[in-house]
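Take a look at the structure set out below.
Numbers restart at 1 for each chain; the letters A, B, ... are given by sequence-line order, proteins then strands.
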Amino acid sequence: MAEQYEHGDTTQDPRVVMNEELNGPQADAVTHVDGPLLIFAGAGSGKTRVIVYRIANLLAGHHVPPYRILAVTFTNKAAGEMKLRLERLVGPEIVRDLWVGTFHSVCVRLLRKHHEAAGLDRGFVIYDDADQRAVVARVLKELDLDDRRYPPRQVLSRIHAYKQEGRSPDDIDSDSYFDDAVTRCYRAYERHLKTASAVDFDDLLLAVLRLVEDPESLAGEDLRSRFRYVLVDEFQDVNHVQYRLVRALCQKHDNLCVVGDDDQSIYRWRGADVRVIRGFRRDFPTANVIKLEQNYRSVGNVVQAALGVIRHAKDREPKELWTSNRPGDPVQVVAADSEHDEAAWVAARIRELTEQGVSPREIAVFYRVHAQSRVLEEVLRSERIPYQIIGGTRFFERAEIKNLLSYLRVVVNPRTDVDLHRIINVPPRKIGATTIDRLIQVADNLQVSLYDAIQPLAEGAIQDAHTGNKPSVTPQIRKNLLAFRDMMEKLREMAREASPSQLAEEILERTGYARLLKEEDNAEADARLQNLHELLQSILDYEEEMKAAGEPALLTGYLERVSLTSDADTLEDVPKVAMMTIHAAKGLEFHAVFLTGMEEDLFPFRSMEPSRNDDVEEERRLAYVAVTRAREKLWITHASRRAIFGQTRYNAPSRFLKDMPASAVRGVLTPASQLMARRPEGSGGFGMSQGAGRFGGGRGDRDRSAGARFDDGPRLAWRHPQQGAMGSAGSASPPAALRNLPVRPPTPSATAAPGERFVEREPDVESDGEAISLRRGSRVQHDRFGLGTVNSIDPGPDPIASVTFSGWGTKRIMVRFLKPLEGR
DNA sequence: GGAGTTGGCCTTTTT
DNA sequence: GGCCAACTCC
């Protein structure tokens, strides 16, 4: 059946390929070659191995030509790893011809082939988020819409959402004025991208999808018959466009193998839909379904903790993850006093680990949001523990880097307005805002790009259609404009011969950008120079790599790589502790993991905007992902007080902690936290009188209750059940207890009846002589701003609350101006 | 026209 | 706490 493939030595016996041990379901997943196949791969169940063997089996066992196999991964890094492992099995020559990559990188490759059919220039550029926002900003101006009423971010996210559903401006019924405005923006946005010969991330997929689904298109026919076997990894995170794309690509043969785990679906916010994997059997009734349920990665206690968390998830595909690994150490749940205390604790444990001989590359620190990383980073730096941060402010987002890249992109494609706008006056060449406004005016009038508007503006030949004005410029400005254009033309000329790195250096020289930075001669400018140097090096690396692969090093190729490289791809294999968000940790594993910030409202994360808070389920899955990254050791930390986003918050431990089985977990207090715990109650001001001291025998674990210390402001009080007080000897280990903490009892201020095991309350806030109980989450009314929700309260003689009002955003208001409402 | 300063904004997760 | 935009001053 298979076409023979004569390239290289593919004659390996499949049994040779299969000589590693695979268990029953794994072997099935490898050998079930034809027809649709759905593999549920639990965390740590050897998924990558199965995919690699499956591909090797297709190549060697079934002699499928490599260029007929498409494997889609979630990150470039995963693709690289897959290729590496395949090379060991079937050799590099064959692997070179395989199609392995992310949806986006595969689509770019296909689009470069069929750019004409897709209506794109050969040199099309990819607009990232910032570029897109710049386009939206320009569009808003053009349509005369107030960017305060229509924040570019919001408009853009709407456009995104439409695109991820595959809807064009024509497919939208707008039933509100806002929607209507967004739709008009969407239309204009599309027009601008087209004029600029630019695509955004969504377009990459949509453009290919349009071709594949077009029965008339020749390019579409090529795409439809191109691949005979399609594999999709991390299938729980595909969105609708991606799913349609996959189906269209294999409509001729149905040899579609998807691998995923609905429990690990964590990208709903960017269009992923778990229902796709859950509904796969409905769409492909003949599909075989295989479940990989044995976890080979983690020690028993980690698996138990993870299972405890995910067991409470709604609507999951039934599966039983299990392991035969030894139980290992219990998962440690660490109560810290503050984020600094937490960071210090983490650093101390990392120090211990490395002293025991654990390599820093086997240690990772996770957090829910990037904002948490700074404190951790500071401590690691002062402790001289080597670390690398994945994500955050990205290298390629630094201004100087974007500038140089913009130059390169304009060289490739002068019509890319966003890039032109960014560099036309960098370094300053006396082309100011007024001039640029005129340039935009001319460009809009003529419906051309900014670059193509330079000449007409300089010549003053244009008349504004509406006002009849002739946008004109002074002779000096005219000279500046033409000089700029001239310089770009020379660079474009040069680009035909020179390598990308030569061109980049030439740009730095010729534009005077390098000189400017050198002359500034301060720390910041030095850092920028350093960064530019790093960029040059990365271009050189790219050229090296292409040379090694026997391919030409094209500037477009480099730019494309930059656009499509994700944070997760930047994890280096070096002996440094890895710090990253949990999202970035997906697919990775470490000997030791620190999961920080395990607190209500941080994890599960609660946004200030109530609208976007329906996703505790996804947070739960995120917690599951986090826990299952650890092979041997897992510390989960939470702090009772944390300064984040410019304010101090007092959060209870995360609800997910209490879902972990007691047998797998051990509670620990940091020294600072113990100190707090021992602090005698009654030392503070008001608010403590009922908060503490009602129950309990005065043991250490009892008085972490909050109200006891007013100087720290209002905080949630909690109390550990007596039962868990193992080991009294002052060790104050809080018990297994943490996991049983009730989070937000139904009536917060209700006095707990004796016998109730926990209390949660916080000091009331006096207001205008009338005692009201305001707390985080309280609904309040303000004369001017209307209804709002309390985020936090700064205590004092005149307490101030941070309150989010719908329509007004977050304001700081004195509590006495707020009227509490019933309910929350 | 340009540079510098202040004020106001938001504040998840990213191919 | 950091970034962007608008405003002011030169």
Side-chain angles (χ1 to χ4, degrees), chain A residues 72-79 101-108 126-130 132-134 137 147-148 151-154 157 160 163-164 199-205 234 237-239 241-242 265-272 366-375 390-394 397 399 425 428-438 473-474 476-477 480 560 563-570 580-586 597 601-609 612-613 615 618-619 621-622 625-626 643-649 791 802 804 808-812:
Chain A
V72 184
T73 58
F74 200 70
T75 61
N76 295 299
K77 186 167 185 287
T102 62
F103 273 107
H104 292 85
S105 68
V106 167
C107 284
V108 171
I126 302 167
Y127 275 4
D128 69 12
D129 199 56
Q132 294 169 41
R133 236 179 354 224
D147 60 359
R148 289 171 63 90
R153 274 188 110 84
Q154 241 179 68
S157 83
H160 255 309
K163 286 190 158 193
Q164 275 168 350
V199 292
D200 62 24
F201 286 118
D202 300 316
D203 289 333
L204 289 174
L205 274 56
E234 308 280 12
D237 283 324
V238 298
N239 65 31
V241 168
Q242 292 167 335
S265 165
I266 57 173
Y267 282 102
R268 183 168 137 176
W269 50 273
R270 77 179 201 213
F366 299 159
Y367 33 80
R368 178 64 182 81
V369 299
H370 279 301
Q372 290 168 252
S373 70
R374 222 193 66 249
V375 177
I390 315 304
T393 35
R394 299 195 284 189
E397 280 168 15
N425 201 31
R429 44 175 77 92
K430 308 254 181 225
I431 303 177
T434 315
T435 308
I436 293 174
D437 275 349
R438 292 202 179 122
V473 291
T474 64
Q476 185 54 49
I477 300 295
N480 297 341
E560 193 169 291
S563 303
L564 298 178
T565 298
S566 73
D567 290 335
D569 299 325
T570 63
M580 66 191 86
T581 63
I582 301 161
H583 283 87
K586 181 163 114 159
D601 291 355
L602 183 57
F603 196 7
F605 187 85
R606 197 173 70 134
S607 155
M608 299 252 178
E609 269 172 54
R612 203 51 206 136
N613 273 319
D615 249 351
E618 182 144 313
E619 298 287 315
R621 295 191 292 263
L622 194 57
V625 168
I644 195 166
F645 301 140
Q647 56 174 317
T648 302
R649 295 181 176 186
N791 306 310
S802 151
T804 303
W808 296 92
T810 303
K811 306 267 177 207
R812 291 174 62 76

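Between the CD atom of A:Gln154 and the C1' atom of B:dC9 there is a distance of 13 Å, rounded to whole Å. A:Arg133 places its CZ atom 13 Å from the P atom of C:dC3, with the value rounded to the nearest Å. One atom, CG of A:Leu602, and another, C1' of B:dT13, lie 12 Å apart when rounded to the nearest Å. The nearest whole Å value for the distance from the CZ atom in A:Phe605 to the C1' atom in B:dC10 is 12 Å. Whole-Å rounding puts the A:Met580 CE to B:dT14 C1' distance at 15 Å. Going from atom CZ of A:Phe366 over to atom C1' of B:dT13 covers 15 Å, rounded to whole Å. Separating the CZ atom of A:Arg153 from the C1' atom of B:dT12 is a distance of 10 Å, rounded to the nearest angstrom. Atom pair A:Ile266:CD1 and B:dT13:P shows a separation of 12 Å (rounding to whole Å applied).
Here the closest non-hydrogen pair linking A:Gly597 and A:Leu602 is O-CD2, 3.6 Å. Nearest heavy atom pair, residue A:Thr581 against residue A:Val369, reads CG2-C, 4.4 Å. The heavy-atom pair separating A:Glu618 from A:Tyr267 by the smallest distance is OE2-N, 3.4 Å. The two atoms that bring A:Thr75 and A:Thr102 nearest to each other are C-CG2, 3.4 Å, heavy atoms only.
Between A:Thr435 and B:dG1 there is a side-chain polar atom (N or O) within less than 4.0 angstrom of OP1 or OP2. Proximity of A:Thr102 to the phosphate of B:dT14: no side-chain N or O atom is located under 4.0 Å from OP1 or OP2. The phosphate of B:dT14 (OP1 or OP2) has no side-chain N or O of A:His160 nearer than 4.0 angstrom.
In terms of position on DNA chain B, the residue among A:Asn425 and A:Leu622 whose nearest nucleotide sits closer to the 5' end is A:Asn425. Nearer the 5' end of DNA chain B, as judged by each residue's closest nucleotide, is the contact made by A:Ile431, out of A:Phe74 and A:Ile431.
The residue A:Ile436 sits apart from the nucleic acid: no heavy atom pair falls under 4.0 Å.
For A:Tyr267, counting side-chain heavy atoms from C-beta on, the closest listed nucleotide (C:dG1, B:dT14, B:dT15) is B:dT14.
A 4.5 Å side-chain heavy-atom check between A:Ile266 and A:Ile582 finds every atom pair outside the cut-off.
Straight-line distance between the P atoms of B:dT13 and C:dC4: roughly 16 Å, to the nearest whole Å.
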